[in-house]
There are 2 protein chains.
Amino acid sequence: MTSASPFHGLSAFPPTPADMDGRVDTDSLCRLLEPLCDAGVASIGLLGSTGIYAFLTQAERLRAVQAAVECVRGRVPIVVGVGALRTDHAVDLARDAATAGADALLLAPVSYTPLTQEEAYQHFLAVTKAVTLPLCIYNNPGTTHFTFSRDLLQRLSDIETIKAVKMPLPADGDVRGELAVLREKSGLAIGYSGDWGAAEALLSGADAWYSVIAGLLPRTALALTKAAIAGDDNETRRLDGLLEPLWKLFKEFGSVRVVYTLVEYLLLAAAELPRPLLPLGPTERQRVLDVAEPLAALERQSLV
Amino acid sequence: MTSASPFHGLSAFPPTPADMDGRVDTDSLCRLLEPLCDAGVASIGLLGSTGIYAFLTQAERLRAVQAAVECVRGRVPIVVGVGALRTDHAVDLARDAATAGADALLLAPVSYTPLTQEEAYQHFLAVTKAVTLPLCIYNNPGTTHFTFSRDLLQRLSDIETIKAVKMPLPADGDVRGELAVLREKSGLAIGYSGDWGAAEALLSGADAWYSVIAGLLPRTALALTKAAIAGDDNETRRLDGLLEPLWKLFKEFGSVRVVYTLVEYLLLAAAELPRPLLPLGPTERQRVLDVAEPLAALERQSLV
């Protein structure tokens, strides 16, 4: 466990505040990043799925990276999502991120036409040839609709700059078994997304939690991460229990819709979901706020 | 069955020739459209999935529509794919298509974050409010990862300009049963994509075949369509049998990879698949050409 690695420990994925036209509000973004730096997360995952990277233009994605680099000022490494449907666009985005001062890349094999394993391999290879920043494979079949074979993960791990993989929670829930298999074949740092399964994943020995809620409640998420890494089963489960009502809402509405509701509440700033995604209705919004209020209070008091 | 409708009969979906940077080769595109006009297909489906719309910029998509309108000169109605991840982008693309002289729109609910039924509805509503061209719902869960509920199809069919739906082949193969259910609830023209199931779909009473192969072999596809619409079971199945080896390759490699192999062969023009999609290797390419050669000869001689 290297605490200096952006791919070990808690990686916090903030939403990207933007207006209805997809113009990023860099001031609000920096207001979101400040508490992440204060809390001391292992890395900031900028422009992840809930950071709506898929819905932003290349120019706006560059603006977001530039603003983040400027306000984070090296306090926490920034991992930038550079996924795109076209390989040349992903390469351009990776170059932009590197030029703007990103510390690492996160690359998802976004697809329209279903991709072959070889096509995904060549896609990753092209990006790593163009930009030598450390790269995390973004394995998220729920949005990319691509499934990595074990062989492909192994082939990719042989590329020098590919250092980590962000995994979805295993369908059978057996993180320990999956980690054993993956570690047999690659030296990648292995982290998990899917906030509701993070406690179990970390207790099972995962290297990182790629966390949506850490983008808004970094101290709470960090406390959970530290407890789990220290093997403190009781404390980990206590904290996970506090967050459980939020996990339920993540699963019911999709985490991006919950998180954008919360940004407006916590930041008092407009953060529009990119249409066709719709904000939650008044009843759903109230349910989210009812659940979030005590959690936000705990976060503020660092009483977690 | 209105023969003047772009959504009844054979709708031919040509590939879009483009270079490695996604620049559309409008001359080659027009060379592909000419035989479609000559054959007299019911409509041209420009910028469909195998027309790589998802991989082209808004500017290139506009160039493609302008070129097509110019070379088709009203001989055949042009249905333009205007799918995009963002609603405002889809609206912009629809406006571009209308301004350039398209006859109809084809709209797929492209997704990254999985969409709710209401989100898809509002997406379609926004496009139909902005542009009043007749619109076909592009229902293709294999690429959009969105599944229309029956209720949503019915709600959409109540929007005045929504006239048709392009369906995927039903999983259980029962087109007749599906048509009965769909027709109970909506007045949409109902067509099918998935070339290997077209003969069965047309014989079962589908209004249209949204055809990939008709983009390259329009006479053959039209002969099959006409035989099926006339209820000539034997002739339909004979023609479908001739095409069967090609359907097998479509299923094995994905139709877009087969079609781009064939464009180069038939048109003697470069047509690059957008990376990360890779051209077929030499062995696979030869298998495609071996199958296509006799079919291309038949097409040329109109001996189908």
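Keep in mind that this is a model prediction, so the values were computed, not measured. Order of the sequence lines fixes the chain letters, A, B, ..., with proteins taken first and strands second; residue numbering starts at 1 for each chain. Reckoned from all heavy atoms, side chains included, excluding hydrogens, waters and symmetry mates.
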Item to check | Interface residue of largest heavy-atom contact number with chain B, from A/Gly254, A/Pro114, A/Pro274, under 4.5 Å | outcome: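 Highest number of heavy-atom pairs under 4.5 Å: A/Pro114.
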Item to check | Non-neighbouring partners of A/Leu169 that pass side chain to side chain contact (heavy atoms under 4.5 Å, CB included), sequence neighbours left out | outcome: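 Testing A/Leu169 for side chain to side chain contact (heavy atoms under 4.5 Å, CB included), a comparison that skips the adjacent residues, returns A/Tyr192, A/Trp196.
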Checklist entry - Which heavy-atom pair separates A/Thr113 from B/Val256 by the least distance, and what is that distance? => result CG2-CG1, 3.7 Å
Checklist entry - For the residue pair B/Pro276 and A/Leu115, what are the closest heavy atoms and their distance? => result CG-CD2, 3.8 Å
Checklist entry - For residues 90-99 of chain B, which residue pairs qualify under side chain to side chain donor-acceptor pair (under 3.5 Å), counting only residues two or more places apart or in two chains? => result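 Sorted result for residues 90-99 of chain B: B/Gln58-B/Asp96.
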Item to check | Side chain to side chain, B/Glu119 and A/Leu277, heavy atoms closer than 4.5 Å | outcome: yes
Checklist entry - Considering only heavy atoms from C-beta outward, does the side chain of A/Arg257 approach that of B/Thr116 to under 4.5 Å? => result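 With C-beta onward as the side chain, the pair touches.
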Checklist outcome for this item: dist B/Tyr121:OH -> A/Leu278:CG (nearest 0.5 Å) comes out at 12.5 Å
Next on the checklist: Using 0.5 Å steps for rounding, measure from the NE2 atom of B/His89 to the OG1 atom of A/Thr57.
Outcome noted: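 It is 7.0 Å, given to the nearest 0.5 Å.
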Checklist entry - Is the number of heavy atoms from other residues, nucleotides or ligands under 6.0 Å of B/Arg285 CZ greater than 12? => result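 No, not enclosed.
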Checklist entry - Just wondering, are more than 12 heavy atoms of other shown residues or ligands nearer than 6.0 Å to NZ in B/Lys251? => result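 Yes - once you tally the heavy atoms of other residues, nucleotides and ligands closer than 6.0 Å, there are more than 12.
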Checklist entry - Considering heavy atoms only, which positions within residues 45-54 of chain A lie below 4.5 Å of chain B? => result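 Within residues 45-54 of chain A, the residues that come under 4.5 Å of chain B (heavy atoms only) are A/Ser49, A/Tyr53, A/Ala54.
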Item to check | Any residue of residues 144-155 of chain B which, by heavy atoms, sits under 4.5 Å from chain A | outcome: B/His145
Checklist entry - Counting distance only, does the side-chain N/O of A/Arg86 pair as donor-acceptor with the main-chain N or O of B/Phe55 below 3.5 Å? => result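 Such a contact is found between A/Arg86 side chain and B/Phe55 backbone.
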